[in-house]
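Encoded as structure tokens, the structure appears first; notes follow it.
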Amino acid sequence: QVELVESGGGLVQPGESLTLSCTVSGRIGSNYVMAWYRQSPGNQREMVAQIDSEGRTHYRDVVKGRFAISKDDADATLYLQMNILKPEDSAVYFCKAVDHTNLAAYWGRGTQVTVSN
């Protein structure tokens, strides 16, 4: 009964910024980890950033200092602020929630980010 829906993707030029959102419908437990993944054609899906229930974050090395993951529990929304975007950041970005309270995991359908001139 949990659904994740990403939004905010689009076409931007290198060096520009974009913020993605992931809305959570339904309920997840108090102990969770949420994350952003990305996948480009011909490549494996890779984790970009994650944040847990207590607000602790972790980032993939190549996005450290450029991306910021955050959440708003009241609005049940996860965000990914992406700055200084590069062509290699182009991918479909997916939202993931791991509910450690209820032992379940959920994926969104993804939103396309294209960084190009």
Side-chain angles (χ1 to χ4, degrees):
Q1 59 182 351
V2 173
E3 183 179 18
L4 308 180
V5 180
E6 304 93 338
S7 63
L11 173 64
V12 296
Q13 294 183 321
E16 294 184 341
S17 299
L18 199 63
T19 299
L20 306 181
S21 298
C22 171
T23 59
V24 181
S25 299
R27 296 184 178 184
I28 62 174
S30 58
N31 184 12
Y32 63 83
V33 177
M34 299 197 71
W36 288 98
Y37 285 71
R38 67 186 183 189
Q39 186 171 25
S40 57
N43 295 308
Q44 295 273 62
R45 188 172 297 185
E46 61 185 25
M47 186 177 69
V48 177
Q50 66 178 36
I51 186 168
D52 66 17
S53 313
E54 299 181 10
R56 293 174 294 204
T57 60
H58 177 74
Y59 298 91
R60 188 176 183 88
D61 285 345
V62 294
V63 308
K64 284 182 179 178
R66 297 191 297 120
F67 289 14
I69 188 170
S70 62
K71 62 184 178 68
D72 187 328
D73 289 331
D75 290 339
T77 304
L78 178 73
Y79 301 96
L80 183 67
Q81 182 180 333
M82 303 182 292
N83 302 312
I84 319 175
L85 282 162
K86 305 174 181 180
E88 52 263 44
D89 294 319
S90 297
V92 176
Y93 283 72
F94 298 89
C95 177
K96 180 185 180 182
V98 179
D99 183 346
H100 290 295
T101 298
N102 298 300
L103 304 179
Y106 307 93
W107 287 93
R109 297 289 179 86
T111 185
Q112 177 71 53
V113 173
T114 302
V115 185
S116 176
N117 290 121

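Atoms considered below: every heavy atom in the structure, side chains included; atoms not considered: hydrogens, waters and symmetry mates.
Aromatic ring centres of Trp107 and Tyr37: separated by under 6.0 Å.
Checked for salt-bridge contact, Asp61 and Lys64 meet the test: a charged N lies under 4.0 Å from a carboxylate O. A salt bridge between Glu46 and Arg38 is present, with a side-chain N of the basic residue lying under 4.0 Å from a carboxylate O of the acidic one.
Tyr59 approaches Ala49 most closely through the heavy-atom pair CD2-CB, 3.5 Å. Summarising the geometry of Asp52 relative to Lys71, their closest heavy-atom pair is O-CE, 3.2 Å, with the distance given to 0.1 Å.
Here disulfide (SG to SG under 2.5 Å) pairs that include residues 48-117, with residues two or more places apart or in two chains, are Cys22-Cys95.
Side-chain contact between Val115 and Val113 is present, with at least one heavy-atom pair separated by less than 4.5 Å. Looking only at side-chain heavy atoms (C-beta outward), Asn83 and Phe67 stay at 4.5 Å or farther from each other. Taking the side chain as every heavy atom from C-beta outward, Leu4 and Phe94 never approach each other to under 4.5 Å.
Distance check, rounded to the nearest 0.5 Å: OH of Tyr32 to CD1 of Ile51 gives 7.0 Å.
Put simply, the side chain of Thr101 gets close to the backbone of Asn31: a donor and an acceptor are under 3.5 Å apart.
Between Met82 and the choices Leu20, Thr19, Asp89, the side chain to side chain contact (heavy atoms under 4.5 Å, CB included) rule is met once, by Leu20.
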